[in-house]
*Asks:* 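Supplied in structure tokens, the structure appears directly below.
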Amino acid sequence: MNQKKQFRKQHIDKKIKYFGRIYILLVLFMFGIVIHDSFVHNLPFFYILYTLVGSVIGHFIGLTQRVILSEDQKTLSLKVKPIGMAITILLLLFRYFAGNLILEEFNVIWATDALYLFFIGIYFSKVKSMFKQVDEHVYAYFFDKSE
């Protein structure tokens with residue numbers, strides 16, 4: 001195991017690991033459903049735009065959460081701003097209550113697949129920004145230790 005992975009394993013807070021795994025599992029689950037529907041129902045290729053829109057929104061949501069170095073200087077933890085929690089709640093409401101109705105109003109035939117692609121983009125961007133911040137702390141730690 002290289003040093004970066006070993007450092008991550010030993011010094012990253014369980015909350016970051018937990019959320020990272022949940023996001024990855026959600027992305028894989030939704031991606032599997034979309035792939036199945038694309039073969040069975042001939043899902044149009046332009047639906048990939050929902051993923052791109054989701055990744056742009058996910059980038060902004062990723063800015064509301066910070067990976068911080070704890071006071072003991074040995075553990076990285078996740079801090080989410082209140083606006084990030086509000087956006088997450090709004091996205092959940094959109095997903096479970098309003099998403100299908102809105103997309104069906106715009107004549108999107110496979111509204112569930114469009115929502116899954118949208119949230120794949122969001123979760124992918126959130127995980128990417130979270131681990132980018134972790135990497136910055138890892139490299140800063142190794143840089144300080146090498147001096």
Side-chain angles (χ1 to χ4, degrees), residues 1-38 43-106 108 110-146:
M1 185 181 308
N2 65 21
Q3 290 180 342
K4 183 174 143 182
K5 286 186 180 179
Q6 187 176 6
F7 177 83
R8 274 187 182 171
K9 187 175 182 181
Q10 292 175 354
H11 298 286
I12 294 177
D13 189 29
K14 290 180 184 179
K15 187 176 180 182
I16 295 174
K17 291 179 188 177
Y18 177 73
F19 280 117
R21 288 180 186 140
I22 285 177
Y23 292 147
I24 295 297
L25 287 174
L26 283 171
V27 165
L28 290 174
F29 176 71
M30 291 184 291
F31 187 69
I33 290 173
V34 169
I35 291 295
H36 173 267
D37 287 350
S38 67
L43 187 68
F45 187 71
F46 70 85
Y47 272 45
I48 202 72
L49 293 175
Y50 291 108
T51 306
L52 296 176
V53 171
S55 56
V56 168
I57 292 172
H59 175 73
F60 290 114
I61 295 171
L63 296 175
T64 65
Q65 58 188 17
R66 288 276 152 230
V67 175
I68 56 174
L69 191 60
S70 65
E71 294 173 6
D72 64 357
Q73 299 289 323
K74 294 189 183 245
T75 306
L76 297 172
S77 55
L78 185 65
K79 182 176 182 180
V80 180
K81 294 179 183 177
I83 188 76
M85 292 301 293
I87 292 171
T88 301
I89 291 169
L90 288 174
L91 283 171
L92 285 171
L93 291 173
F94 173 74
R95 167 62 186 100
Y96 290 108
F97 299 112
N100 281 345
L101 297 173
I102 291 170
L103 289 174
E104 288 170 357
E105 195 66 33
F106 288 113
V108 176
W110 294 285
T112 303
D113 289 338
L115 281 174
Y116 283 163
L117 287 169
F118 177 72
F119 279 94
I120 285 172
I122 289 175
Y123 294 144
F124 180 76
S125 289
K126 284 175 73 170
V127 169
K128 186 177 172 184
S129 70
M130 193 167 46
F131 281 112
K132 184 178 177 183
Q133 292 176 35
V134 169
D135 283 346
E136 289 174 10
H137 285 292
V138 168
Y139 292 134
Y141 177 82
F142 284 138
F143 182 74
D144 290 343
K145 288 293 183 181
S146 67

*Asks:* Could you measure the distance from the CG atom of Leu28 to the CD1 atom of Ile120? Nearest 0.5 Å is fine.
*Replies:* 8.5 Å

*Asks:* Looking at Tyr23, I'd like to know if its OH atom is crowded, meaning that more than 12 non-hydrogen atoms belonging to other residues, nucleotides or ligands lie closer than 6.0 Å.
*Replies:* yes

*Asks:* Can you name the closest pair of heavy atoms from Ser125 and Ser55 and give their distance?
*Replies:* OG-O, 2.7 Å

*Asks:* If you measure from NZ on Lys81 to CD1 on Ile61, what distance do you get to the nearest 0.5 Å?
*Replies:* 13.5 Å

*Asks:* Can you tell me if CD1 on Ile68 sees more than 12 non-hydrogen neighbours from other groups inside 6.0 Å?
*Replies:* yes

*Asks:* Backbone N or O of Lys126 within a donor-acceptor pair of the Ser129 side chain at under 3.5 Å?
*Replies:* yes

*Asks:* So, for Gln133 and Val67, which heavy atoms are closest and what is the spacing to 0.1 Å?
*Replies:* OE1-N, 2.7 Å

*Asks:* To the nearest 0.5 Å, what is the distance between CD1 on Ile87 and CG on Leu63?
*Replies:* 9.5 Å

*Asks:* Can you measure from CD1 (Ile57) to CZ (Phe119) and round to the nearest 0.5 angstrom?
*Replies:* 8.5 Å

*Asks:* Only one of Leu52, Thr51, Leu91 passes side chain to side chain contact (heavy atoms under 4.5 Å, CB included) with Phe118; say which it is.
*Replies:* Leu91

